[in-house]
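The next block holds one structure in the form of structure tokens; read it before the comments.
When a ligand or atom number is given, it counts from 1 through the structure's own listing order. All values below come from the heavy atoms of this structure, side chains included, with hydrogens, waters and symmetry mates left out. Here the structure is a predicted model, which is why all the values come from computation and not from measurement.
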Amino acid sequence: MTVKEIFETMDYGPAPESAAEALAWLVDQGDRFGHFIDGAFTAPGDGFESRNPADGEVLATLTQATQADVDAAVTAARKAQPKWAGMGGAGRARYLYAIARLLQKHSRLFAVLESLDNGKPIRESRDIDIPLAQRHFYYHAGMAQLMESELPEAEPLGVCGQIIPWNFPLLMLSWKIAPALAMGNTVVLKPAEYTSLTALLFADICRQAGLPKGVVNIVTGNGAVGEMIVAAEVDKIAFTGSTSVGRRIREATAGSGKELTLELGGKSPYIVFDDADIDSAIEGLVDAIWFNQGQVCCAGSRLLVQEGIAERFHDKLRARMDGLRVGNPLDKCIDVGAVVDPVQLQTIRELVDGNTAGHTHHAACDLPENGCFYPPTLITGLAPSDPLMQEEIFGPVLVSCTFRTPGEAVELANNTRYGLAATLWTENVNLALDIAPKLAAGVVWVNATNLFDAAAGFGGVRESGFGREGGWEGLAAYTRPKGKRAALKPVEPVTGDGAPVDPIDRTAKLYVGGKQARPDGGYSRPVWGKSGLLGHVGLANRKDVRNAVEAAAGAAAWSKTTGHLRAQILYYIGENLSARADEFAHRIDKMTGKRGGAAEVEASIQRLFTAAAWADKYDGQVHGVPIRGVALAMKEPVGVIGALCADEAPLLGLVSAMAPAVAMGNRVVLAASEPYPLAATDFYQVLETSDVPAGVVNILTGSHAELAGPLAKHLNVDAVWSFSSSDLSEEIERAAAGNLKRTWVNNATALDWSQDHTRRFLQAATEVKNVWVPYGE
Ligand code: NAI
């Protein structure tokens, strides 16, 4: 008998992991759980059953949190926070380290409990979920240790509300809790209703680690409890889950001043070029789409394969699929476990059954008779616009279409409202490193897939949400700059009447696409100074916003220029402004009726020079992730940024926002200071003489309240900032929920423009993309 024959005939022998210890732990807890609040478990209340999706058996009864429970948890967290922050990073590091050690000690119990509760194969919970959760606590123990020396300007936010999904219950908990605690915050976390058991076991670990009471609070329940946490007196909401709920949370927190990070869905492309190592790419796909039954936000769920190899690739893939074993999650021999819940199974079935396009292949595997099992499925021959090429299925279903050229591959890959992850396979390093930066995604894996590490930030762009988890950049989501901020004071324009100071009519136009443009509505308003009428400015409307955004979108080539070139242009703007410093100072004094013009112009020149200095230095990093290879953390421009500029500092506010954004390769649409717009309209004459390409900087004048909505709603605007003295934060954040654009709004507080905030602007003007590049044989 040949080895091949042995393999083909050999019966597969199950290798089940015992559930005894995990079931005994549940029995020890009385099979009924309350919440974990202020360091102790509450008595179980009215609740719901948590079932094993592989066999439908009830594992435990959980308590549905009431408003009083959520309030108690938030109160406990609030009370505990000052002391927790006050003990210093080194003190907190010891607790995080102790938790990591205990997770390690009880890793098998966690792994089995996770597989029982979620249905994921024990091989995955044992080798991926639980080790990564430990790694997160070890890594962030280090971050706590380093906080004071490396982040001297940062302070904790306070109490963080955290809402997590069911696909990686303990791992998502770790991604949320570890950085929050490291930075001195306390938390109220809600696990998903299907999968709360490892969070409750984790609560027990916190007790064993002697974590001060109130630092970690865990409340269980459904989306209604999530809503209560969102509405509670917390300083931040961190959410992972569906894009639709993420959008609702964005709306619910609009204008509240609560920090927000959202890690949402995806439809991540998996691109295979014709020179790829095909067998490896097939094995990669098994990990990309059948890992955790495809219930992975960054699953490589959209296969794009180059036409020349498509048929061979699909044939091989079907053969590989047919060999996958679907079954008991506790069996170490199975590849695909159970879908989390009958509801999710039904959703998957409906999506696949509702599709009539292409050709559907279900893997020829035996499915258990009972339980939530769905066969690995491949649907080939789809068109890019077919619903299944666009909708997240969140199950073991791969959809596929072909491409001809690398350019087409990028276009198809980016033809989605999401932007979480992307995978590409090619043996050509030039091609890989050319394509990776062109993909709209927060993470790109080259010749590998679904690699994660605490050192490499994870998160998306577009409707996959905002913020990063892990790495240095993840800490920004749990800290804010130290110091008090002043309350926002509305700045009113000077009013007057009488004859103009200067008899010649001076109506400053808008500045759009490198040209002076009359406002679409044809209206203007007078600008008065104490000494009389200084001129008129156009009143921009939403059509002008559209024109300006179109011009900015059309100037995308700016993002591809070098930092060196951008620096040169910013220095040039600074020099040209310097040459007209007196004139600008005079203008500012006349408009504001104060004498701060000269200082403001000087500070503006400094901001330009500082941004120019950073243009070629605000570099990414190379992360030492635990693979044979590297993760390149590349800083990319956000895209088109709309900003309502500070009213009180007509030149400095505009320049402080513009210069770092432009230095990082963004294009901007700036709404000038509303009461004092003439410094901005003078400034575009400086831009015109400074080689700034058309469309990179666009300047509108008019009412901030009118411009805020159109800017925040526009689908081609990637981020909106507001430093206006009219508090438009709520309106902007609510409107930004549409395409989940990033926002930075002042929430009724004012920045002190005499201080240099360039670093914060640089951070807000960039996204980190982690490109994982394994190497070696
Ligand atoms: P979901 O987004 O409804 O649930 C995630 C978490 O949010 C759970 O803890 C849930 O209780 C909570 N939640 C639900 N409604 C809420 C609200 N209004 N306010 C605050 N919290 C709320 O996800 P669901 O319904 O479990 O799954 C539906 C789809 O979402 C999946 O088919 C998949 O497409 C996507 N999903 C994406 C995930 C990701 O990691 N990006 C994870 C889970 C689901």
Checklist line | Donor-acceptor side-chain pairing of E49 and T61 below 3.5 angstrom | finding: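 No - no donor-acceptor pair under 3.5 Å links their side chains.
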
Item checked: Polar side chain donor-acceptor pair, S115 to S125, under 3.5 angstrom -> yes

Notebook entry, point to check: Does some side-chain heavy atom of E263 sit less than 4.5 Å from a side-chain heavy atom of E469?
Noted result: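 A side-chain contact exists here, since the closest heavy-atom pair is under 4.5 Å.
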
Note to self: If you compare all heavy atoms of P269 against all heavy atoms of A421, which two are closest, and at what distance to 0.1 Å?
What the structure shows: CD-O, 3.3 Å

Checklist line | Steps toward side chain to side chain contact (heavy atoms under 4.5 Å, CB included) verdict (L103, H136) | finding: CA-CA 11 Å; L103 286 175; H136 234 74; over 6 Å; no

Check: How about F168 and W175: are their ring centroids closer than 6.0 Å?
Finding: no

Next item on the list: Using heavy atoms and a cut-off under 4.0 Å, could you grab the residues that are in contact with ligand 1, chain by chain, numbers ascending?
Entry: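 Within 4.0 Å of ligand 1, protein side: I163, I164, P165, W166, N167, K190, P191, A192, E193, N222, G223, G226, E227, F239, T240, G241, S242, V245, R248, I249, L264, G265, C297, Q344, E392, F394.
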
